[in-house]
Amino acid sequence: MKQAFKSMLIAAAVTLSAGIAFNATANTEKLDQLLEQLKKERTVEGRANQERERAFLAERADKQALLNTAKRQFTEEENRGKRLQKEYADNDILIGQKQQELESALGTMGELFGVVRQSANQSIGAITGSIVSAQYPGRDVPLRSVASATELPTLGEMEELWMALLTEMTESGKVAKFDAQVVKLDGGTETKRVTRFGTFHLTTDSEYLVLNSDTDQIQPLGRQPQSKIHNSVAAYHKAKSGEIAGLYLDPTKGNSLLRLNQQRSTLFEYYLAGEEVGIIITVVFFIGMLIALERIIVLSVVGGKIRSQLKNLANPSDSNPLGRILRVYHENRTADVENLELKLDEAILRETPKVERGIGLIKLFSAVAPLLGLLGTVIGMILTFQQITLYGTGDPKLMAGSISLALVTTAQGLIAAIPLLFVHSIVSSKAKSILHILDEQAAGIIAAHAEKEKA
(Lines give C-alpha, C1' and ligand atoms only; values in the text may rest on other atoms or scores of the structure.)
Protein backbone atom coordinates (compact mmCIF):
# COMPACT_ATOMS: atom_id res chain seq x y z
CA MET A 1 0.00 0.00 0.00
CA LYS A 2 2.82 2.33 0.91
CA GLN A 3 4.73 1.51 -2.31
CA ALA A 4 1.65 2.22 -4.48
CA PHE A 5 1.17 5.49 -2.70
CA LYS A 6 4.71 6.46 -3.41
CA SER A 7 4.36 5.52 -7.11
CA MET A 8 1.28 7.70 -7.38
CA LEU A 9 3.16 10.48 -5.69
CA ILE A 10 6.00 10.14 -8.21
CA ALA A 11 3.56 10.10 -11.14
CA ALA A 12 1.92 13.21 -9.78
CA ALA A 13 5.26 14.84 -9.38
CA VAL A 14 6.22 13.99 -12.96
CA THR A 15 2.92 15.31 -14.24
CA LEU A 16 3.40 18.41 -12.19
CA SER A 17 6.90 18.77 -13.56
CA ALA A 18 5.57 18.43 -17.07
CA GLY A 19 3.03 21.07 -16.35
CA ILE A 20 5.66 23.26 -14.93
CA ALA A 21 7.84 22.66 -17.97
CA PHE A 22 5.03 23.84 -20.17
CA ASN A 23 4.70 26.87 -18.05
CA ALA A 24 7.58 29.16 -18.63
CA THR A 25 6.93 30.78 -15.28
CA ALA A 26 7.70 27.53 -13.24
CA ASN A 27 9.84 27.85 -10.17
CA THR A 28 13.12 26.00 -10.67
CA GLU A 29 13.99 25.92 -6.97
CA LYS A 30 10.84 24.03 -6.08
CA LEU A 31 11.63 21.41 -8.68
CA ASP A 32 15.07 20.93 -7.23
CA GLN A 33 13.62 20.52 -3.77
CA LEU A 34 11.09 18.02 -5.01
CA LEU A 35 13.82 16.05 -6.75
CA GLU A 36 15.94 15.94 -3.61
CA GLN A 37 12.95 14.75 -1.56
CA LEU A 38 12.22 11.97 -4.03
CA LYS A 39 15.84 10.83 -3.90
CA LYS A 40 15.79 10.69 -0.12
CA GLU A 41 12.56 8.74 -0.04
CA ARG A 42 13.91 6.33 -2.64
CA THR A 43 16.97 5.72 -0.53
CA VAL A 44 14.87 5.05 2.61
CA GLU A 45 12.58 2.73 0.71
CA GLY A 46 15.53 0.76 -0.66
CA ARG A 47 16.94 0.30 2.80
CA ALA A 48 13.57 -0.95 4.12
CA ASN A 49 13.31 -3.43 1.26
CA GLN A 50 16.82 -4.67 2.01
CA GLU A 51 15.94 -5.15 5.67
CA ARG A 52 12.80 -7.14 4.78
CA GLU A 53 14.81 -9.26 2.34
CA ARG A 54 17.44 -10.03 4.98
CA ALA A 55 14.68 -10.99 7.52
CA PHE A 56 13.00 -13.25 5.00
CA LEU A 57 16.27 -14.97 4.16
CA ALA A 58 17.00 -15.46 7.87
CA GLU A 59 13.57 -17.00 8.51
CA ARG A 60 13.97 -19.22 5.48
CA ALA A 61 17.22 -20.53 6.88
CA ASP A 62 15.55 -21.27 10.24
CA LYS A 63 12.64 -23.12 8.62
CA GLN A 64 15.06 -25.16 6.54
CA ALA A 65 16.96 -26.03 9.71
CA LEU A 66 13.73 -27.16 11.41
CA LEU A 67 12.79 -29.23 8.37
CA ASN A 68 16.18 -30.87 8.32
CA THR A 69 15.89 -31.62 12.06
CA ALA A 70 12.42 -33.16 11.61
CA LYS A 71 13.63 -35.33 8.73
CA ARG A 72 16.56 -36.50 10.81
CA GLN A 73 14.27 -37.34 13.79
CA PHE A 74 11.85 -39.18 11.50
CA THR A 75 14.68 -41.26 10.14
CA GLU A 76 15.90 -42.03 13.66
CA GLU A 77 12.41 -43.04 14.88
CA GLU A 78 11.87 -45.18 11.80
CA ASN A 79 15.11 -46.99 12.49
CA ARG A 80 14.15 -47.33 16.19
CA GLY A 81 10.78 -48.83 15.23
CA LYS A 82 12.44 -51.43 13.05
CA ARG A 83 14.85 -52.21 15.87
CA LEU A 84 12.00 -52.59 18.41
CA GLN A 85 10.05 -54.83 16.05
CA LYS A 86 13.06 -57.06 15.77
CA GLU A 87 13.49 -57.02 19.58
CA TYR A 88 9.80 -57.86 20.07
CA ALA A 89 10.05 -60.81 17.71
CA ASP A 90 13.20 -61.99 19.45
CA ASN A 91 11.59 -61.57 22.89
CA ASP A 92 8.48 -63.46 21.78
CA ILE A 93 10.62 -66.36 20.74
CA LEU A 94 12.53 -66.09 24.02
CA ILE A 95 9.30 -66.05 26.08
CA GLY A 96 8.11 -69.20 24.35
CA GLN A 97 11.41 -70.88 25.09
CA LYS A 98 11.33 -69.75 28.74
CA GLN A 99 7.72 -70.89 29.08
CA GLN A 100 8.68 -74.34 27.90
CA GLU A 101 11.61 -74.32 30.29
CA LEU A 102 9.26 -73.22 33.13
CA GLU A 103 6.76 -75.95 32.41
CA SER A 104 9.53 -78.51 32.31
CA ALA A 105 10.96 -77.16 35.57
CA LEU A 106 7.60 -77.05 37.33
CA GLY A 107 6.77 -80.70 36.86
CA THR A 108 4.41 -81.70 39.69
CA MET A 109 4.46 -78.11 41.03
CA GLY A 110 1.88 -77.21 38.39
CA GLU A 111 -0.46 -79.86 39.74
CA LEU A 112 0.17 -78.55 43.25
CA PHE A 113 -0.72 -75.04 42.11
CA GLY A 114 -3.99 -76.29 40.63
CA VAL A 115 -4.87 -78.15 43.83
CA VAL A 116 -4.12 -75.07 45.94
CA ARG A 117 -6.29 -72.83 43.77
CA GLN A 118 -9.12 -75.37 43.77
CA SER A 119 -8.94 -75.76 47.54
CA ALA A 120 -8.92 -71.98 47.98
CA ASN A 121 -11.98 -71.58 45.75
CA GLN A 122 -13.88 -74.27 47.62
CA SER A 123 -12.88 -72.89 51.00
CA ILE A 124 -13.98 -69.33 50.23
CA GLY A 125 -17.67 -70.24 50.07
CA ALA A 126 -17.54 -72.46 53.15
CA ILE A 127 -15.63 -69.92 55.25
CA THR A 128 -17.67 -66.91 54.11
CA GLY A 129 -20.95 -68.60 55.02
CA SER A 130 -19.63 -70.12 58.26
CA ILE A 131 -20.69 -68.51 61.52
CA VAL A 132 -17.09 -68.90 62.72
CA SER A 133 -16.37 -65.85 60.54
CA ALA A 134 -18.56 -63.84 62.90
CA GLN A 135 -15.88 -64.35 65.55
CA TYR A 136 -12.90 -64.34 63.20
CA PRO A 137 -13.69 -61.98 60.30
CA GLY A 138 -11.52 -61.46 57.24
CA ARG A 139 -10.36 -65.09 56.90
CA ASP A 140 -11.45 -65.18 53.26
CA VAL A 141 -9.18 -62.29 52.13
CA PRO A 142 -5.92 -64.30 51.73
CA LEU A 143 -7.87 -67.16 50.18
CA ARG A 144 -9.25 -64.87 47.48
CA SER A 145 -5.72 -63.72 46.57
CA VAL A 146 -4.60 -67.36 46.28
CA ALA A 147 -7.65 -68.30 44.20
CA SER A 148 -7.13 -65.41 41.77
CA ALA A 149 -3.33 -65.71 41.52
CA THR A 150 -1.74 -66.50 38.16
CA GLU A 151 1.58 -67.61 39.61
CA LEU A 152 2.72 -70.18 42.10
CA PRO A 153 1.56 -69.41 45.66
CA THR A 154 4.15 -68.50 48.20
CA LEU A 155 4.78 -70.53 51.31
CA GLY A 156 3.03 -67.86 53.38
CA GLU A 157 -0.09 -68.00 51.22
CA MET A 158 -0.23 -71.78 51.49
CA GLU A 159 0.10 -71.47 55.27
CA GLU A 160 -2.83 -69.01 55.29
CA LEU A 161 -4.96 -71.59 53.46
CA TRP A 162 -3.91 -74.28 55.90
CA MET A 163 -4.59 -72.04 58.92
CA ALA A 164 -8.05 -71.09 57.62
CA LEU A 165 -9.05 -74.73 57.16
CA LEU A 166 -7.56 -75.74 60.52
CA THR A 167 -9.34 -72.87 62.30
CA GLU A 168 -12.66 -73.87 60.75
CA MET A 169 -12.14 -77.48 61.80
CA THR A 170 -11.12 -76.78 65.40
CA GLU A 171 -13.71 -74.05 66.02
CA SER A 172 -16.54 -76.25 64.74
CA GLY A 173 -16.32 -78.26 67.97
CA LYS A 174 -16.30 -75.33 70.41
CA VAL A 175 -18.92 -73.32 72.25
CA ALA A 176 -17.47 -69.81 72.35
CA LYS A 177 -18.68 -66.49 73.71
CA PHE A 178 -17.57 -63.14 72.30
CA ASP A 179 -18.73 -59.53 71.98
CA ALA A 180 -19.94 -58.48 68.54
CA GLN A 181 -21.95 -55.80 66.78
CA VAL A 182 -25.51 -57.05 66.20
CA VAL A 183 -27.82 -55.32 63.75
CA LYS A 184 -31.18 -54.43 65.28
CA LEU A 185 -34.45 -54.80 63.42
CA ASP A 186 -34.79 -51.00 63.23
CA GLY A 187 -31.49 -50.74 61.34
CA GLY A 188 -29.17 -49.68 64.18
CA THR A 189 -26.42 -51.75 65.78
CA GLU A 190 -25.50 -52.58 69.33
CA THR A 191 -22.78 -54.59 71.04
CA LYS A 192 -24.07 -57.86 72.51
CA ARG A 193 -22.61 -60.92 74.12
CA VAL A 194 -22.91 -63.61 71.46
CA THR A 195 -22.60 -67.36 71.99
CA ARG A 196 -21.45 -69.52 69.09
CA PHE A 197 -22.31 -73.21 69.12
CA GLY A 198 -19.70 -74.68 66.78
CA THR A 199 -20.80 -74.02 63.22
CA PHE A 200 -24.48 -74.50 64.05
CA HIS A 201 -25.86 -71.40 65.75
CA LEU A 202 -25.30 -67.92 67.05
CA THR A 203 -27.45 -66.83 69.99
CA THR A 204 -27.76 -64.10 72.57
CA ASP A 205 -29.09 -64.87 76.03
CA SER A 206 -32.64 -65.12 74.70
CA GLU A 207 -32.81 -65.39 70.91
CA TYR A 208 -31.29 -66.93 67.82
CA LEU A 209 -29.04 -64.91 65.51
CA VAL A 210 -27.87 -65.43 61.94
CA LEU A 211 -24.81 -64.28 60.00
CA ASN A 212 -25.64 -62.42 56.80
CA SER A 213 -22.92 -63.57 54.39
CA ASP A 214 -23.66 -60.70 51.98
CA THR A 215 -22.97 -57.96 54.52
CA ASP A 216 -20.86 -59.99 57.04
CA GLN A 217 -23.15 -58.72 59.82
CA ILE A 218 -24.84 -60.56 62.66
CA GLN A 219 -28.57 -59.98 62.79
CA PRO A 220 -31.58 -61.47 64.59
CA LEU A 221 -34.13 -63.61 62.85
CA GLY A 222 -37.01 -61.64 61.37
CA ARG A 223 -39.32 -63.95 63.30
CA GLN A 224 -38.18 -66.19 66.11
CA PRO A 225 -39.19 -69.88 65.86
CA GLN A 226 -42.06 -71.41 67.78
CA SER A 227 -42.00 -70.92 71.52
CA LYS A 228 -40.64 -74.33 72.56
CA ILE A 229 -37.61 -73.81 70.28
CA HIS A 230 -37.20 -70.14 71.16
CA ASN A 231 -37.47 -70.75 74.92
CA SER A 232 -34.72 -73.37 74.79
CA VAL A 233 -32.17 -70.58 74.26
CA ALA A 234 -33.04 -68.78 77.47
CA ALA A 235 -33.28 -72.10 79.34
CA TYR A 236 -29.79 -73.07 78.18
CA HIS A 237 -28.21 -69.78 79.22
CA LYS A 238 -29.98 -69.80 82.59
CA ALA A 239 -28.77 -73.31 83.41
CA LYS A 240 -26.24 -73.44 86.21
CA SER A 241 -22.87 -75.13 85.99
CA GLY A 242 -23.25 -78.88 86.02
CA GLU A 243 -26.88 -78.83 84.91
CA ILE A 244 -27.97 -80.37 81.64
CA ALA A 245 -29.97 -78.08 79.36
CA GLY A 246 -31.25 -78.84 75.89
CA LEU A 247 -30.96 -76.56 72.89
CA TYR A 248 -32.44 -76.96 69.42
CA LEU A 249 -29.76 -76.93 66.71
CA ASP A 250 -30.04 -76.58 62.96
CA PRO A 251 -28.10 -79.50 61.43
CA THR A 252 -27.76 -77.68 58.09
CA LYS A 253 -25.16 -75.36 59.69
CA GLY A 254 -26.49 -72.49 57.63
CA ASN A 255 -29.63 -71.78 59.64
CA SER A 256 -31.66 -73.06 56.70
CA LEU A 257 -34.27 -74.69 58.89
CA LEU A 258 -34.54 -71.61 61.09
CA ARG A 259 -34.94 -69.37 58.05
CA LEU A 260 -37.60 -71.69 56.64
CA ASN A 261 -39.28 -71.67 60.03
CA GLN A 262 -39.70 -67.89 59.66
CA GLN A 263 -41.90 -68.52 56.64
CA ARG A 264 -44.24 -70.76 58.63
CA SER A 265 -47.56 -69.06 59.17
CA THR A 266 -48.68 -68.28 62.68
CA LEU A 267 -52.10 -69.26 64.00
CA PHE A 268 -53.32 -65.72 63.46
CA GLU A 269 -52.12 -65.78 59.84
CA TYR A 270 -53.92 -69.08 59.35
CA TYR A 271 -57.02 -67.48 60.83
CA LEU A 272 -56.78 -64.50 58.45
CA ALA A 273 -56.64 -66.92 55.51
CA GLY A 274 -60.29 -67.73 56.24
CA GLU A 275 -61.23 -64.20 55.16
CA GLU A 276 -64.93 -63.21 55.48
CA VAL A 277 -66.22 -66.75 56.06
CA GLY A 278 -63.75 -67.21 58.88
CA ILE A 279 -64.89 -63.99 60.51
CA ILE A 280 -68.53 -65.13 60.34
CA ILE A 281 -67.60 -68.48 61.92
CA THR A 282 -65.75 -66.61 64.66
CA VAL A 283 -68.75 -64.40 65.37
CA VAL A 284 -71.04 -67.45 65.52
CA PHE A 285 -68.60 -69.20 67.85
CA PHE A 286 -68.26 -66.30 70.27
CA ILE A 287 -72.00 -65.64 70.37
CA GLY A 288 -72.64 -69.32 71.10
CA MET A 289 -69.95 -69.39 73.80
CA LEU A 290 -71.30 -66.22 75.43
CA ILE A 291 -74.80 -67.69 75.50
CA ALA A 292 -73.43 -70.93 76.91
CA LEU A 293 -71.40 -69.09 79.54
CA GLU A 294 -74.45 -67.06 80.59
CA ARG A 295 -76.59 -70.21 80.76
CA ILE A 296 -73.99 -72.15 82.74
CA ILE A 297 -73.70 -69.33 85.28
CA VAL A 298 -77.47 -68.84 85.55
CA LEU A 299 -78.29 -72.54 85.78
CA SER A 300 -75.53 -73.10 88.32
CA VAL A 301 -76.97 -70.32 90.48
CA VAL A 302 -80.51 -71.69 90.04
CA GLY A 303 -79.31 -75.22 90.88
CA GLY A 304 -77.70 -73.93 94.06
CA LYS A 305 -80.90 -72.17 95.10
CA ILE A 306 -82.95 -75.31 94.36
CA ARG A 307 -80.60 -77.40 96.51
CA SER A 308 -81.03 -74.86 99.30
CA GLN A 309 -84.80 -74.98 98.82
CA LEU A 310 -84.78 -78.78 99.08
CA LYS A 311 -83.46 -78.40 102.59
CA ASN A 312 -86.37 -76.12 103.54
CA LEU A 313 -89.49 -77.26 101.69
CA ALA A 314 -91.81 -75.75 104.29
CA ASN A 315 -90.77 -72.17 103.46
CA PRO A 316 -90.92 -71.75 99.68
CA SER A 317 -89.07 -68.82 98.08
CA ASP A 318 -89.94 -67.04 94.87
CA SER A 319 -86.22 -66.72 93.95
CA ASN A 320 -86.02 -70.24 92.50
CA PRO A 321 -88.29 -72.45 90.34
CA LEU A 322 -88.82 -75.09 93.03
CA GLY A 323 -89.88 -72.46 95.54
CA ARG A 324 -92.40 -71.03 93.06
CA ILE A 325 -93.83 -74.52 92.44
CA LEU A 326 -94.07 -75.17 96.19
CA ARG A 327 -95.87 -71.85 96.57
CA VAL A 328 -98.41 -73.00 93.96
CA TYR A 329 -98.88 -76.15 96.01
CA HIS A 330 -99.38 -74.19 99.23
CA GLU A 331 -101.89 -71.96 97.49
CA ASN A 332 -103.89 -74.98 96.23
CA ARG A 333 -103.61 -77.42 99.12
CA THR A 334 -107.37 -77.76 99.40
CA ALA A 335 -107.80 -78.65 95.71
CA ASP A 336 -108.34 -82.21 94.61
CA VAL A 337 -105.55 -84.29 93.13
CA GLU A 338 -106.47 -83.67 89.50
CA ASN A 339 -106.65 -79.88 89.86
CA LEU A 340 -103.50 -79.82 91.92
CA GLU A 341 -101.72 -81.88 89.29
CA LEU A 342 -102.86 -79.48 86.58
CA LYS A 343 -101.73 -76.46 88.63
CA LEU A 344 -98.30 -77.99 89.22
CA ASP A 345 -97.90 -78.98 85.56
CA GLU A 346 -98.77 -75.42 84.61
CA ALA A 347 -96.15 -74.09 87.03
CA ILE A 348 -93.52 -76.46 85.64
CA LEU A 349 -94.39 -75.42 82.10
CA ARG A 350 -93.89 -71.78 83.10
CA GLU A 351 -90.46 -72.57 84.50
CA THR A 352 -89.32 -74.78 81.60
CA PRO A 353 -88.73 -71.96 79.02
CA LYS A 354 -86.70 -70.02 81.57
CA VAL A 355 -84.52 -73.05 82.26
CA GLU A 356 -84.13 -74.15 78.64
CA ARG A 357 -83.64 -70.66 77.21
CA GLY A 358 -80.66 -70.43 74.79
CA ILE A 359 -80.00 -74.17 74.65
CA GLY A 360 -81.56 -74.53 71.21
CA LEU A 361 -79.57 -71.55 69.93
CA ILE A 362 -76.32 -73.09 71.11
CA LYS A 363 -77.23 -76.31 69.34
CA LEU A 364 -78.08 -74.34 66.20
CA PHE A 365 -74.71 -72.55 66.25
CA SER A 366 -72.86 -75.85 66.75
CA ALA A 367 -74.58 -77.15 63.60
CA VAL A 368 -74.17 -73.94 61.57
CA ALA A 369 -70.40 -73.57 62.23
CA PRO A 370 -69.30 -76.64 60.21
CA LEU A 371 -71.79 -75.74 57.49
CA LEU A 372 -70.17 -72.32 57.22
CA GLY A 373 -66.80 -74.06 57.03
CA LEU A 374 -68.14 -76.19 54.19
CA LEU A 375 -69.37 -73.02 52.50
CA GLY A 376 -65.87 -71.56 52.73
CA THR A 377 -64.47 -74.77 51.25
CA VAL A 378 -66.81 -74.54 48.29
CA ILE A 379 -65.96 -70.85 47.75
CA GLY A 380 -62.24 -71.65 47.91
CA MET A 381 -62.60 -74.44 45.34
CA ILE A 382 -64.57 -72.16 43.04
CA LEU A 383 -61.85 -69.51 43.25
CA THR A 384 -59.15 -72.14 42.70
CA PHE A 385 -60.76 -73.43 39.50
CA GLN A 386 -61.31 -69.87 38.35
CA GLN A 387 -57.60 -69.11 38.75
CA ILE A 388 -56.69 -72.34 36.97
CA THR A 389 -58.92 -71.26 34.09
CA LEU A 390 -57.31 -67.81 33.92
CA TYR A 391 -53.65 -68.55 34.64
CA GLY A 392 -53.24 -72.30 34.27
CA THR A 393 -51.38 -74.54 36.72
CA GLY A 394 -47.88 -73.21 36.04
CA ASP A 395 -47.54 -71.29 39.31
CA PRO A 396 -49.02 -73.04 42.40
CA LYS A 397 -48.63 -69.82 44.42
CA LEU A 398 -51.52 -68.27 42.50
CA MET A 399 -53.83 -70.98 43.85
CA ALA A 400 -52.39 -71.11 47.37
CA GLY A 401 -54.65 -68.37 48.73
CA SER A 402 -57.86 -69.99 47.49
CA ILE A 403 -56.80 -73.43 48.69
CA SER A 404 -55.96 -71.94 52.09
CA LEU A 405 -59.44 -70.41 52.20
CA ALA A 406 -60.96 -73.81 51.41
CA LEU A 407 -58.99 -75.69 54.06
CA VAL A 408 -58.85 -73.08 56.80
CA THR A 409 -62.59 -72.40 56.83
CA THR A 410 -63.26 -76.13 57.19
CA ALA A 411 -60.91 -76.26 60.16
CA GLN A 412 -62.45 -73.11 61.65
CA GLY A 413 -65.95 -74.58 61.33
CA LEU A 414 -64.91 -77.77 63.12
CA ILE A 415 -62.95 -75.87 65.76
CA ALA A 416 -66.02 -73.75 66.47
CA ALA A 417 -68.49 -76.67 66.40
CA ILE A 418 -66.63 -79.01 68.77
CA PRO A 419 -66.53 -76.65 71.80
CA LEU A 420 -70.11 -75.56 71.11
CA LEU A 421 -71.23 -79.19 71.19
CA PHE A 422 -69.50 -79.70 74.51
CA VAL A 423 -70.97 -76.60 76.12
CA HIS A 424 -74.38 -77.47 74.67
CA SER A 425 -74.14 -80.84 76.38
CA ILE A 426 -73.14 -79.18 79.66
CA VAL A 427 -75.93 -76.59 79.54
CA SER A 428 -78.49 -79.18 78.44
CA SER A 429 -77.54 -81.53 81.27
CA LYS A 430 -77.82 -78.73 83.83
CA ALA A 431 -81.24 -77.75 82.49
CA LYS A 432 -82.45 -81.35 82.48
CA SER A 433 -81.17 -81.81 86.02
CA ILE A 434 -83.20 -78.79 87.19
CA LEU A 435 -86.33 -79.89 85.32
CA HIS A 436 -85.90 -83.40 86.67
CA ILE A 437 -85.87 -82.05 90.22
CA LEU A 438 -88.98 -80.00 89.51
CA ASP A 439 -90.81 -82.99 88.01
CA GLU A 440 -89.67 -85.21 90.85
CA GLN A 441 -90.82 -82.80 93.54
CA ALA A 442 -94.13 -82.16 91.77
CA ALA A 443 -94.75 -85.91 91.47
CA GLY A 444 -93.94 -86.36 95.14
CA ILE A 445 -96.29 -83.56 96.13
CA ILE A 446 -99.14 -85.05 94.06
CA ALA A 447 -98.53 -88.51 95.50
CA ALA A 448 -98.54 -87.21 99.07
CA HIS A 449 -101.68 -85.16 98.39
CA ALA A 450 -103.43 -88.23 96.93
CA GLU A 451 -102.54 -90.31 99.98
CA LYS A 452 -104.03 -87.62 102.21
CA GLU A 453 -107.30 -87.65 100.25
CA LYS A 454 -107.54 -91.44 100.52
CA ALA A 455 -106.91 -91.24 104.24
Side-chain angles (χ1 to χ4, degrees), residues 267-268 270-272 274-313 315-330 341-378 407-447:
L267 289 177
F268 184 68
Y270 279 125
Y271 168 75
L272 293 178
E275 299 181 1
E276 292 83 359
V277 178
I279 295 174
I280 295 173
I281 294 173
T282 304
V283 172
V284 169
F285 171 71
F286 277 107
I287 292 176
M289 292 301 292
L290 288 175
I291 294 173
L293 180 62
E294 186 268 341
R295 285 288 84 199
I296 290 173
I297 295 173
V298 170
L299 294 178
S300 297
V301 172
V302 170
K305 292 180 178 181
I306 289 176
R307 286 190 294 271
S308 299
Q309 186 66 64
L310 287 173
K311 297 177 183 179
N312 189 11
L313 297 176
N315 296 316
S317 173
D318 292 336
S319 62
N320 63 89
L322 180 58
R324 290 191 287 271
I325 291 174
L326 291 175
R327 186 170 295 281
V328 171
Y329 166 67
H330 285 294
E341 184 178 2
L342 292 174
K343 292 288 185 181
L344 292 176
D345 288 341
E346 181 185 0
I348 293 173
L349 290 174
R350 281 198 303 269
E351 299 297 334
T352 300
K354 298 177 183 178
V355 174
E356 294 182 343
R357 185 181 62 198
I359 296 177
L361 196 57
I362 297 172
K363 186 176 182 180
L364 174 63
F365 287 163
S366 65
V368 167
L371 292 177
L372 289 172
L374 180 60
L375 175 62
T377 302
V378 174
L407 298 178
V408 169
T409 52
T410 303
Q412 288 176 338
L414 295 175
I415 291 172
I418 292 171
L420 288 175
L421 286 174
F422 275 107
V423 296
H424 172 265
S425 178
I426 295 171
V427 173
S428 179
S429 63
K430 284 184 173 292
K432 288 180 179 179
S433 176
I434 292 173
L435 293 177
H436 177 72
I437 294 173
L438 297 181
D439 289 336
E440 181 183 10
Q441 292 299 318
I445 290 171
I446 293 171

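These numbers come from the heavy atoms of this one structure, side chains and all, not from hydrogens, waters or symmetry mates. Values in this document were obtained by computation on a predicted structure and should not be read as measured data.
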Output yes when a side-chain donor or acceptor of [X] lies under 3.5 Å from a complementary backbone atom of [Y], and no otherwise.
| X | Y | answer |
| --- | --- | --- |
| Gln309 | Asn315 | yes |
| Ser429 | Ser425 | yes |
| Thr409 | Thr377 | yes |

Look up atom [atom1] in [X] and atom [atom2] in [Y], then write down how far apart they are to the nearest 0.5 Å.
| X | Y | atom1 | atom2 | answer |
| --- | --- | --- | --- | --- |
| Leu421 | Phe365 | CG | CZ | 13.5 Å |
| Ile426 | Ile362 | CD1 | CD1 | 10.0 Å |
| Ile291 | His424 | CD1 | NE2 | 11.5 Å |
| Thr282 | Ile287 | OG1 | CD1 | 11.0 Å |
| Leu293 | Phe286 | CG | CZ | 12.0 Å |
| Ser366 | Leu364 | OG | CG | 7.5 Å |

Give me the atom names and distance for the closest heavy-atom approach of [X] to [Y].
| X | Y | result |
| --- | --- | --- |
| Glu351 | Pro321 | OE1-CB, 3.5 Å |
| Ala442 | Ile348 | CB-CD1, 3.5 Å |
| Ser300 | Lys430 | OG-NZ, 3.4 Å |
| Lys305 | Ser319 | CD-O, 3.5 Å |
| Pro370 | Leu414 | CB-CD2, 4.5 Å |
| Ala347 | Val328 | CB-CG2, 4.0 Å |

### Message
Can you confirm whether more than 12 heavy atoms, excluding those of Glu294, are under 6.0 Å from its CD atom?
### Response
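Atom CD in Glu294 is crowded, with more than 12 foreign heavy atoms closer than 6.0 Å.
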[X] side chain near [Y] side chain, heavy-atom distance below 4.5 Å:
| X | Y | value |
| --- | --- | --- |
| Val355 | Leu299 | yes |
| Leu326 | Ile445 | yes |
| Lys354 | Val298 | no |
| Ile325 | Leu344 | yes |

### Query
Checking side-chain contact (heavy atoms from CB on, under 4.5 Å) for the pair Leu435/Thr352: CA distance, chi angles, key distance, verdict?
CA-CA 7 Å; Leu435 293 177; Thr352 300; 3.7 Å; yes
### Task
Taking salt bridge (charged side-chain N to carboxylate O under 4.0 Å, His left out) as the test, write out the residues that go with Glu341, two or more places apart.
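Applying salt bridge (charged side-chain N to carboxylate O under 4.0 Å, His left out) to Glu341 gives none.
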### Task
Go through the structure and list residues passing side-chain contact (heavy atoms from CB on, under 4.5 Å) with Gln441, not counting sequence neighbours.
Leu310, Leu313, Leu322, Ile437
